[in-house]
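Beneath this line is the structure, given in structure tokens, with notes to follow.
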Amino acid sequence: MTALPREILICTIARLLDGVRHVAVGASSPMPAAGAMLRRALDDGARPVRLSILGSVEHNFFTNGSAELFDSAGQGRLDAFFLGGGQIDGRANVNLVGVGDYPQAKVRWPGSFGSAYLYFTVPRVILFREEHSPRVLVDKVDFISAPGVSEPDVHRPGGPVALLTSKALFGFDRARAGFALESIHPGHDLDEIRAATGFAFDHAAAPATTPVPDAATLSLLRGRVLDELAETYPAFAAQWRGDLAAMTSEGATA
Amino acid sequence: MTALPREILICTIARLLDGVRHVAVGASSPMPAAGAMLRRALDDGARPVRLSILGSVEHNFFTNGSAELFDSAGQGRLDAFFLGGGQIDGRANVNLVGVGDYPQAKVRWPGSFGSAYLYFTVPRVILFREEHSPRVLVDKVDFISAPGVSEPDVHRPGGPVALLTSKALFGFDRARAGFALESIHPGHDLDEIRAATGFAFDHAAAPATTPVPDAATLSLLRGRVLDELAETYPAFAAQWRGDLAAMTSEGATA
Amino acid sequence: MPDDLRALASRVRPGMSLALPVDYAGVSMAMTRPLIDHGAGDLHLTCVPTGGLQVDMLIGAGLVRRVETSAVSLGEAGGAPRFNQAVRDGSIQILDATCPAIHAGLMAAQKGVPFMPMRGLIGSDILANRPEWQVIDNPLASGDPIVLIPAIRPDVAIFHAPMADREGNVWIGRRRELAAMAYAATQTLVTVERIVDRSLLADELTAAGTLPALYVAAVALAPRGAWPYGLWGEYAADTAELMRYAAAARTAQGFADYMAQKVPA
Amino acid sequence: MPDDLRALASRVRPGMSLALPVDYAGVSMAMTRPLIDHGAGDLHLTCVPTGGLQVDMLIGAGLVRRVETSAVSLGEAGGAPRFNQAVRDGSIQILDATCPAIHAGLMAAQKGVPFMPMRGLIGSDILANRPEWQVIDNPLASGDPIVLIPAIRPDVAIFHAPMADREGNVWIGRRRELAAMAYAATQTLVTVERIVDRSLLADELTAAGTLPALYVAAVALAPRGAWPYGLWGEYAADTAELMRYAAAARTAQGFADYMAQKVPA
């Protein structure tokens, strides 16, 4: 079976979530949600994986209002979280506020949400942004919604562990405050990554290729996970099913 | 109609509660509760008086656990509260902890409960202790659960306004940090009060007598209020009814 | 427009601070037009902890001086056009926050204390732009910087809930940020889907999700009062309408035209 | 004694700190004898915010090193005899508090902060005897002393509730101090009147009063598990039994005799 690009991303996310007990994803984040659902399916019977989808009624087991997610992070009960960002820079600083001089930004985004807290308190924060371009991955963000690293005296049990884009997976080294290229997704190459990345990063001379899911994982993903996902993200699930159907018919006619 | 001594106390409490919107009483405080219920009955139609009886399911409109009473006081939403005390001294310091050297007190009482907070935050705290003796009304408490007065820089919107015992009513002057005798209950006199009080207090040469309730108030008290009270304090209400019956039959046979 | 919504709106006076809930918690959209018609301006909005359509409309109507928020957006329908424009123009002051900082400020007001400590924030430009948020060295463990968030005490909190009883108790379910807003605010105005005859405090099952009348200044009936937002356990959001607004409100004129339309029954 | 109560008790290890609720909130009296039989001692008890029969029994059984509380009593049945004796003897350390200080310490743990500020207390001997409670000058307004209460992070919270579901969600109604204990504690052990098949989170009405399984380490069935205390909405306290205990436990021997009796079915 051939994996779709988004399936490789979802399986990569599931891999990054190995071992978590509780992961939260934003309201409109189908790919992280799918990755977490795949993680839960893979760990079925071995370890319970709790998934909170913010703003969802269905996948919200909180009962103390919108503060409870943050409280649970402060208590050390939230293991993993995803952050996007209009801009992400080479020190893993995240900007969710805008482009240009603050406060009268040229481009204004919604705002920082809970990033300035969760980035400090959640041990495994995964930066996830599909667009991999110099516009997003900048040398220095215009506004720091949440900093990638902190001085040693700052209480910070959490922080970034990885940056996943449509082209590649980077790991983040907190000591060095920089990214290292871990793998390039099939169909992309180092030159392309270099050109698309606005910050400097470490990499092997011949970087690894991001692993493609095996048949068992793919079938779990296209079965149980896709069904679960469809409840919360029907449009995303429908498009995915459409692409799978197209791929199958292409395969049939090839 | 002749008023029972406890009825004079209850009516005095209702008088002290004039104008409150929200009053809280302890779990086993039938007289303060009766005073608050009388206040509510007197204000019926004019102003809603909310009554919280701590630990009661019936008279508990809180829905955020046992912290909510204190939170509501901190928000300025609690106008009046009652404090007792194993010892009360002339500066209105209250001791709910014990007699003798702390911590290995000779006599240990349950503890300070919420006094060290509510005494600071509730504008109208009424000290209520039926026993009027040098053992209770002391010159200086052995342990300050909650101080009667504070330095001017201490945030303190609340504090004591009065001390009511089975013998007399005192007002408290925060500026002078001392009590003044306001009135003596019928059947008692100044010499008796002096002998029974372990601290010095101001008083008029001929102190007033605590007013006895008029017929309308007494009938409200023995009707609606006694019925309401019986729901939460059945034993107290039954004894009261018994005393009323005895008084009536005495009157009939006199 | 029902008189009682008008009466609720009339409690808001120019210059007041208003606390408004996040999209999915119960936004009293029914109060939006009464507030605009009433016209009290120069408002300070506190979004608990983020804002959306209602905030965008109040800004578009020119009633807002300042917004404290962790974000303003229309969710799936994209950015909040009148908010974004006002920020670019500098016609409103923006106090960027992060969700738990707003919760912390309300909690300080709930507890009657001047501040709450909060982890995180240090090194962010959010903190750099909030001079009233102080960093102190944790007095209980030196060499441990921590941020203090001042209490947020809104003049008025406004939200929409499924039901209230005749005593003014309001059922908020597990959306306890609505209680937090009410505890912190001086007065709380609530619209509801329905008014029930039986006291919500009469049994423990409904009592568990009830905000007591102690905190509620006024209640008004407003069926489907969160529309076009949804109300948890009641009805879903009308995404098409949010999209229609988002498209219309890209310009000031488009916003004015949208707002001039009759509200659907 | 059911095996599952024994299993719950076995999670308590010597030297641990235990959070126990106030009389009327839901005391897991069913866990008292299993804890005593299990025998893990040297315990630090935190009463949320006051203690009663369970605390007195654990002290009488010699399992307690230290008690932090705002009061210990048997309510209508009078003083707590084993507690009072232990305080006089100096055989336990007493950390006298005031109710909202205990709530503040738990809230700090809930919020993941090292302390909470609190009004009141200044000038009391409670404060004078708690060197770990610090008075600082409010950094946001000078000349304003305020107390900081350090976070209370119990190892184990133990309480009794009406019901749990098969996923481990527990219905606590409006007794939200039980949630506060669970948020603050590392693990929470719960006994319940009954286990229900339907998820408590499946509808908003029950969800409103539910503590999610995220915070619950183990649940065991214990019908009438608060006896002789009552359980709100379920059954009243057995005052006669509390009186019987109060009379018996005036002496160490009387306490031992009482505890040696078979528990009524």
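Computed from heavy atoms alone, side chains included, the values below leave out hydrogens, waters and symmetry copies. Per chain, numbering begins at 1; letters A, B, ... match sequence-line order.
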Problem set entry | Point-to-point distance, once rounded to the nearest 0.5 Å, from CG of Leu189(C) to CG of Leu5(C) |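 Those atoms lie 10.5 Å apart.
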Between these two chains, chain D and chain C, I want each donor-acceptor atom pair under 3.5 angstrom written on its own line with its distance.
from	atom 1	to	atom 2	distance (Å)
Gln134(D)	NE2	Pro139(C)	O	3.0
Pro139(D)	O	Gln134(C)	NE2	3.0
Arg174(D)	NE	Glu204(C)	OE1	3.1
Arg174(D)	NH2	Glu204(C)	OE2	3.2
Glu204(D)	OE1	Arg174(C)	NE	3.1
Glu204(D)	OE2	Arg174(C)	NH2	3.2

Answer with side chain, backbone, both or neither: which region of [X] has an atom nearer than 4.5 Å to a non-hydrogen atom of chain D?
| X | result |
| --- | --- |
| Ile172(C) | neither |
| Met118(C) | backbone |
| Leu205(C) | both |

Problem set entry | Options Gly209(D), Pro114(D), Pro100(D), ranked by heavy-atom pairs under 4.5 Å with chain C, top entry |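 Highest number of heavy-atom pairs under 4.5 Å: Pro114(D).
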Exercise. What pair of heavy atoms forms the shortest contact from Leu74(D) to Gly52(D), and how long is it?
Worked result: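 Minimum heavy-atom separation between Leu74(D) and Gly52(D): CD2-C, 3.9 Å.
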For this session: Can you see which heavy atom on Val67(D) is nearest to which on Cys47(D), and at what distance?
Result: CG1-SG, 4.0 Å
Problem set entry | Sequence neighbours excluded, every pair satisfying ring-ring contact (aromatic ring centres under 6.0 Å, His included) that has a member inside residues 109-131 of chain C |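 Residue pairs with at least one partner in residues 109-131 of chain C: there are none.
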For this session: Tell me, for Ile136(D) versus chain C, whether the close heavy atoms (under 4.5 Å) come from the side chain, the backbone, both or neither.
Result: side chain
Exercise. Quick one: salt bridge (charged side-chain N to carboxylate O under 4.0 Å, His left out) pairs with a partner in residues 99-108 of chain D, sequence neighbours left out?
Worked result: none
Problem set entry | Side-chain touch Val27(C)/Leu53(C), heavy atoms, less than 4.5 angstrom |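 Not touching, per the 4.5 Å side-chain cut-off.
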For this session: Verify side-chain contact (heavy atoms from CB on, under 4.5 Å) between Leu127(D) and Val147(D), making sure each step is shown before the conclusion.
Result: CA-CA 9 Å; Leu127(D) 178 63; Val147(D) 180; 4.1 Å; yes
Exercise. Can Val170(C) and Phe159(C) be said to form a side-chain contact (heavy atoms from CB on, under 4.5 Å), step by step?
Worked result: CA-CA 11 Å; Val170(C) 177; Phe159(C) 63 79; 4.2 Å; yes
